[in-house]
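This chain uses plain numbering: 1 for the first residue, then up along the sequence.
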Amino acid sequence: MTEDFKMEIAIPTDDLGYILLQCSHCGTHFKATPEDIMDDGVLTLFCPSCGLTSDNYITEDVLELAITMGQNRAVDMIYDELKRMEKQFKKGPFTIKAGKRPKHAHESPIQSGINALEVTTFHCCKRKAKVKPILKITGCYCPFCGVKNYEVE
């Protein structure tokens with residue numbers, strides 16, 4: 001039973017085309033466009049609040065959905081294997097009864113998330129991202145190059 005499978009999770013954008021990201025170090029939420037994130041000129045993303053880089057910026061909602069989807073798939077695979085064994089051991093010294101297919105756990109859809117973030121222009125990279133309003137006032141790190149900007153628009 002070495003069956004590989006692939007899951008895809010569509011992360012929705014807000015009305016302006018930004019997706020929600022979360023720093024794994026400080027938990028700060030911010031938004032960037034998929035085009036900027038996937039741009040070959042952007043080698044890594046920086047958290048606008050703490051300035052650190054992370055392996056991923058997956059939000060808790062996306063992580064919970066991925067875990068639920070994986071668990072549902074695992075339950076299906078186990079059930080399918082039990083059904084196969086039920087047919088294989090129909091006659092003999094012992095039998096297996098798989099029973100009814102288990103119900104899947106609810107897979108909650110992902111929301112585009114926090115709307116209290118404001119569009120900020122980073123002059124160092126000539127890109128825009130959405131950050132907390134307080135970070136616009138106090139200054140924040142550019143998510144695309146890591147430069148601390150004190151005068152963001």
Side-chain angles (χ1 to χ4, degrees), residues 1-120 122 125 127-136 140-147:
M1 190 171 115
T2 59
E3 187 178 324
D4 293 335
F5 69 94
K6 182 178 178 180
M7 293 187 319
E8 288 188 21
I9 298 175
I11 300 174
T13 61
D14 64 10
D15 295 339
L16 298 176
Y18 291 85
I19 61 171
L20 184 64
L21 305 167
Q22 183 178 15
C23 176
S24 63
H25 300 291
C26 68
T28 298
H29 288 93
F30 64 102
K31 291 183 178 184
T33 63
E35 294 80 23
D36 285 338
I37 294 169
M38 301 304 289
D39 189 338
D40 290 337
V42 177
L43 301 177
T44 186
L45 287 178
F46 296 84
C47 172
S49 181
C50 68
L52 299 175
T53 62
S54 179
D55 290 338
N56 69 66
Y57 290 92
I58 297 173
T59 62
E60 291 172 12
D61 291 346
V62 174
L63 186 58
E64 286 175 19
L65 178 59
I67 289 169
T68 303
M69 289 173 68
Q71 288 172 339
N72 287 340
R73 179 68 174 131
V75 167
D76 284 345
M77 291 172 69
I78 291 168
Y79 179 78
D80 291 344
E81 187 64 19
L82 286 172
K83 285 302 273 186
R84 188 189 65 73
M85 291 172 68
E86 181 180 58
K87 291 176 185 174
Q88 182 180 353
F89 297 109
K90 203 169 200 174
K91 297 177 183 172
F94 80 98
T95 59
I96 294 176
K97 185 74 174 154
K100 292 182 182 178
R101 181 174 289 277
K103 291 184 179 181
H104 283 182
H106 177 68
E107 297 176 2
S108 300
I110 299 170
Q111 305 296 322
S112 65
I114 302 167
N115 292 323
L117 302 176
E118 296 182 6
V119 175
T120 304
F122 295 93
C125 292
R127 297 180 190 268
K128 294 180 181 183
K130 284 188 171 184
V131 298
K132 292 180 179 180
I134 190 72
L135 290 176
K136 282 183 74 168
C140 60
Y141 295 93
C142 173
F144 310 105
C145 70
V147 170

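- Residue Ile58 forms a side chain to side chain contact (heavy atoms under 4.5 Å, CB included) with just one option from Leu21, Leu65, Leu63, and that option is Leu63.
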Going through the distances and angles, do Lys31 and Leu16 end up as a side-chain contact (heavy atoms from CB on, under 4.5 Å)? CA-CA 10 Å; Lys31 291 183 178 184; Leu16 298 176; over 6 Å; no
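- Here the closest heavy-atom approach between residue Phe122 and residue Cys140 is recorded as CE2-SG, 3.6 Å.
- Scanning for side chain to side chain contact (heavy atoms under 4.5 Å, CB included) contacts around Lys128 gives Tyr18, Val119, Thr121, with sequence neighbours left out.
- With sequence neighbours left out, the side chain to side chain contact (heavy atoms under 4.5 Å, CB included) criterion links Glu118 to Pro133, Lys136.
- Under the 4.5 Å side-chain criterion, counting only non-hydrogen atoms from C-beta, Lys90 is not in contact with Lys87.
- Distance check, rounded to the nearest 0.5 Å: NE2 of His29 to NZ of Lys132 gives 8.5 Å.
- Residues Ser49 and Cys23 fail the side-chain proximity criterion, which asks for heavy atoms closer than 4.5 Å.
- Residue pairs meeting the salt bridge (Lys or Arg N to Asp or Glu O under 4.0 Å) criterion with at least one member in residues 93-107, sequence neighbours excluded, are Asp76-Arg101, Asp80-Arg101, Glu86-Lys97.
- Rounding to the nearest 0.5 Å gives a distance of 10.5 Å between CG of Leu135 and OH of Tyr141.
- Residues Thr13 and Ile19 come closest through the heavy atom pair CG2-CG2, 3.5 Å.
- To the nearest 0.5 Å, atoms CZ (Arg73) and NZ (Lys6) are separated by 14.0 Å.
- Counting heavy atoms from C-beta on, the side chains of Leu20 and Leu117 come closer than 4.5 Å.
- A pairwise comparison of heavy atoms in Tyr79 and Pro102 identifies CD1-CD, 3.7 Å as the closest pair.
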Side-chain donor-acceptor pairs under 3.5 Å in residues 34-46, sequence neighbours left out?
{"from": "Asp36", "atom 1": "OD1", "to": "Arg127", "atom 2": "NH1", "distance (Å)": "2.8"}
{"from": "Asp36", "atom 1": "OD2", "to": "Thr33", "atom 2": "OG1", "distance (Å)": "3.2"}
{"from": "Asp39", "atom 1": "OD1", "to": "Gly41", "atom 2": "N", "distance (Å)": "2.9"}
{"from": "Asp39", "atom 1": "OD2", "to": "Arg127", "atom 2": "NH1", "distance (Å)": "3.3"}
{"from": "Asp39", "atom 1": "OD2", "to": "Arg127", "atom 2": "NH2", "distance (Å)": "2.9"}

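- For Ala66 against Met7, the heavy-atom pair with the smallest separation is O-CE, 3.6 Å.
- Taking Ile96 as the reference, Leu82, Met85, Phe89, Phe94 meet the side chain to side chain contact (heavy atoms under 4.5 Å, CB included) condition, with sequence neighbours excluded.
- For Ser54, the side chain to side chain contact (heavy atoms under 4.5 Å, CB included) partners two or more places apart in sequence, or in a different chain, are Ser24, His25, Tyr57.
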